[in-house]
Peer 1: 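First, the structure itself, so that you have it in front of you.
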Amino acid sequence: MSEDLIIVSGGAPLEGTVNIAGAKNSVLKLMAASLLAPGLTTIENVPIISDVTLMGKVLSNLGAKVSFGDHRVAIDTAPVDSIEAPYELVAQMRASIAVLGPLIARFGRAHVAMPGGCQIGSRKLDMHIAGLEALGVSFDIAHGFIDASIPQGLIGAPVILEFPSVGATENLMMAAVLAQGTTIINNAAREPEIVDLANYLIAMGARIEGAGTPAISIEGVKELSPVASHTTVGDRIEAGTFLVAGVLGGGPVTVKGVDPSHLEMALTKLRAMGVQLEVGSDSITVSHSGAIKPVDIQTLPHPGFPTDLQAQFMVLDALADGRSVITENVFENRFMFADEIARMGAEIRIEGHFAFVTGVRQLSGAPVRSPDLRGGAALVLAGLVADGQTVVAGVEHIDRGYEHFVDKLASLGAQIKRAPSA
Ligand code: UD1
């Protein structure tokens, strides 16, 4: 069967400006949150990526009317009459689990298949479940489905998360907004996408304080009303990916449409690598020449270094003048990318959650396969500077989260194209 490939010839200098799309990890949750209030909402700055299409299908399957326009989605949740998210959809995208909280809050019931998604560690749901149980939700998990109900109603409560899970924080927020009384989520995730979701919920009439801090306080309200229009926050991970491209291609490369404060730790690491940065109010420009300084990186929940930029930054360390250690603290199995880039001549030794990287002068182009979304993008980045041609398969992973990835890189001067396999 023919599949699309991304074919890159290394060595072209990169220069120019890239407009950053809305954040994948925000828009998927905003779409799920729209279920909380019956009626019509419009979300703007929506990236054109396959995960958004899939979330559209999850919502239409529940009965919502979903229509996509130019970087916009209109969702009418008034006709929603089902509480089921089927396996065929959820298995393709773990983020579908975000409908759990809203369905429970609006209908008192949810029947959601256990998710699949990127193969990057076991990605359990225990914190989602324990947190919702604290609010009075009762779960029956059988035959690959989560069946949730609220026998005594949804009641606000203090919850402490074992780890600041993004997904668990979001599901709890989306349930607590319609619970009776006050919920406090302690050790909450602080990602900018959590703040975006909180702002959307507040615009719906929710009472939330502290989003973006480790303690989010939510006072339940009786009902919410749909938000006429909400603009999705810029995608800091897409921006970080293009900044790495700019470093590899020399620059100057400017990313526009992102809040630089959302990338503080990544920018700190770029500076330590010797990269020149210019930071504007909604833009960042990188330029670089000469050797990259090796820099140790450890992934952590926000505001720590994002796990979603780990593979892209590993490309920089793989080409740096010396050794570095990359520590993955968020997902247990997120180094599959290292095996692929090793096929391009990178020297990386994995031990548990550590990657010991010895920089090499030059990578060599090779056929490689995307192991996951971010790893796939990182392989394309590696191809930008590898000697000869790199052919990246498994492009569907990249399509999940990057809008027009090939076109945007080509607009900077990359020698890159997308073509079906022979
Ligand atoms: C979200 C992002 C993903 C990002 C991740 C961490 C979306 C659609 N995806 O994923 O791109 O890499 O945040 O920034 O927004 N865990 C448990 N039990 C739980 C929940 C999580 O053990 O109930 C573990 C996971 O296996 C993982 C860690 O906690 O090891 C972090 O997961 P979490 O923050 O929940 O990530 P996601 O919301 O799945």
Side-chain angles (χ1 to χ4, degrees), residues 22-33 47 49-52 54-55 58 90 92-101 112 114-134 137 139 141 146 159-174 185 187-197 214 232-233 235-238 240-241 262-263 265-266 298-313 327-337 352-353 371-378 397-398 400-402:
K24 167 180 95 76
N25 288 352
S26 193
V27 74
L28 297 175
K29 321 309 165 56
L30 298 172
M31 291 173 76
I49 53 175
S50 62
D51 270 9
V52 164
L54 259 171
M55 187 55 96
V58 171
V90 181
Q92 294 180 58
M93 184 179 66
R94 183 184 159 86
S96 314
I97 195 72
V99 300
L100 186 62
V112 176
M114 299 284 280
C118 272
Q119 299 307 306
I120 49 172
S122 62
R123 299 184 93 172
K124 297 184 287 280
L125 289 175
D126 52 333
M127 286 186 256
H128 297 242
I129 306 271
L132 290 167
E133 274 175 348
V137 181
F139 287 98
I141 300 175
I146 303 167
V159 177
I160 177 155
L161 296 177
E162 199 179 324
F163 180 91
S165 154
V166 172
T169 302
E170 291 165 340
N171 252 330
L172 278 169
M173 262 185 2
M174 292 188 282
I185 310 173
N187 200 20
R190 289 185 268 169
E191 271 66 6
E193 294 77 23
I194 302 272
V195 177
D196 199 23
L197 175 61
T232 313
V233 67
D235 196 320
R236 64 199 163 96
I237 305 302
E238 187 198 16
T241 304
H262 296 167
L263 274 164
M265 188 55 73
Q298 56 167 322
T299 67
L300 282 171
H302 193 78
F305 189 91
T307 176
D308 286 352
L309 284 175
Q310 180 250 102
Q312 299 89 316
F313 274 64
T327 310
E328 174 56 60
N329 293 310
V330 178
F331 288 108
E332 60 196 50
N333 185 20
R334 208 176 198 183
F335 283 141
M336 279 105 70
F337 159 76
H353 66 133
D372 55 36
L373 164 57
R374 306 301 169 185
H397 286 294
I398 300 174
R400 285 187 41 214
Y402 289 93

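Since the model is a prediction, treat every value here as computed from it, not as a measurement. Both ligands and their constituent atoms are indexed starting at 1 by order of listing.
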Peer 1: Show, in sequence, the C-alpha distance, side-chain angles and deciding distance for Tyr402 and Asp235, and conclude whether the side chain to side chain contact (heavy atoms under 4.5 Å, CB included) test is met.
Peer 2: CA-CA 10 Å; Tyr402 289 93; Asp235 196 320; over 6 Å; no
Peer 1: Return yes if a side-chain donor-acceptor contact under 3.5 Å exists between Asn25 and Glu193, otherwise no.
Peer 2: no
Peer 1: Show which atoms of ligand 1 fall inside a sub-4.0 Å distance from at least one heavy-atom site of Arg334.
Peer 2: 12 (O)
Peer 1: Hey, is ligand 1 close enough to Ser165 that some N/O pair sits below 3.5 Å?
Peer 2: yes
Peer 1: On a heavy-atom basis, which atom in Leu309 and which in Thr241 lie closest, and how many Å separate them?
Peer 2: CD2-N, 3.8 Å
Peer 1: Does any N or O in the side chain of Glu191 come within less than 3.5 Å of the main-chain N or O of His302, such that one atom is a donor and the other an acceptor?
Peer 2: yes
Peer 1: May I ask you to list the atoms of ligand 1 that are less than 4.0 angstrom from any heavy atom of Ala95?
Peer 2: 8 (C)
Peer 1: The test is salt bridge (Lys or Arg N to Asp or Glu O under 4.0 Å); show your working for Asp308 and Arg334 and say whether it passes.
Peer 2: CA-CA 10 Å; Asp308 286 352; Arg334 208 176 198 183; 2.8 Å; yes
Peer 1: So, regarding Ala168 and ligand 1 (criterion: nitrogen or oxygen to nitrogen or oxygen, under 3.5 Å), is there a contact or not?
Peer 2: no
Peer 1: Quick check: Gly167 and ligand 1, any N/O pair under 3.5 Å apart?
Peer 2: yes
Peer 1: Of all the atoms in ligand 1, which lie at a distance below 4.0 Å from a heavy atom belonging to Asp126?
Peer 2: 17 (C), 18 (N), 19 (C), 22 (O), 23 (O)
Peer 1: Within a strict 4.5 Å, meaning less than it, do heavy atoms of the Met114 and Val90 side chains meet?
Peer 2: no
Peer 1: At a 4.0 Å cut-off, with the gap strictly under it, does some heavy atom of Glu162 reach an atom of ligand 1?
Peer 2: no
Peer 1: Looking only at distance, does Phe163 have an N or O less than 3.5 Å from an N or O of ligand 1?
Peer 2: no
Peer 1: Check each heavy atom of Met93 against ligand 1 and say whether those closer than 4.0 Å belong to the side chain, the backbone, both or neither.
Peer 2: neither
Peer 1: Pull out every atom of ligand 1 sitting under 4.0 Å from any heavy atom of Asp308, numbered as shown with elements.
Peer 2: 3 (C), 4 (C), 11 (O), 12 (O)
Peer 1: Counting only heavy atoms, which portion of His302 has something under 4.0 Å from ligand 1: side chain, backbone, both, or neither?
Peer 2: neither
Peer 1: Quick check: does Pro164 get an N/O under 3.5 Å from an N/O on ligand 1?
Peer 2: no
Peer 1: For ligand 1, which atoms have a heavy atom of Val330 less than 4.0 angstrom away?
Peer 2: 27 (C), 28 (C), 30 (O), 31 (C)
Peer 1: Test Asn187 against Glu162 for side chain to side chain contact (heavy atoms under 4.5 Å, CB included), laying out the working first.
Peer 2: CA-CA 7 Å; Asn187 200 20; Glu162 199 179 324; 6.0 Å; no
Peer 1: Should Glu332 be counted as touching ligand 1, given the test is an N or O pair under 3.5 Å?
Peer 2: no
Peer 1: With rounding to the nearest 0.5 angstrom, report the CD1 to CE distance, Ile49 to Met55.
Peer 2: 10.5 Å
Peer 1: N/O to N/O below 3.5 Å, does that happen between Thr307 and ligand 1?
Peer 2: no
Peer 1: Can you tell which part of Arg94 has a heavy atom less than 4.0 Å from ligand 1: side chain, backbone, both or neither?
Peer 2: side chain
Peer 1: To the closest 0.5 Å, what do you measure between CZ (Phe313) and CZ (Arg374)?
Peer 2: 13.0 Å
Peer 1: How far apart are the C-alpha atoms of Lys24 and Glu238, what are their side-chain angles, what is the distance that settles it, and do they pass the salt bridge (Lys or Arg N to Asp or Glu O under 4.0 Å) test?
Peer 2: CA-CA 9 Å; Lys24 167 180 95 76; Glu238 187 198 16; over 6 Å; no
Peer 1: Which is it for Ile129 and Ile141 under the side chain to side chain contact (heavy atoms under 4.5 Å, CB included) test, yes or no, and what are the steps along the way?
Peer 2: CA-CA 10 Å; Ile129 306 271; Ile141 300 175; 3.8 Å; yes
Peer 1: Measure from atom 13 (O) of ligand 1 to every heavy atom in Ile194, Val166, Asn333, Leu373 and give the option owning the shortest one.
Peer 2: Val166
Peer 1: When you look for heavy atoms under 4.0 Å from ligand 1, do you find them on the side chain of Ile129, its backbone, both, or neither?
Peer 2: neither
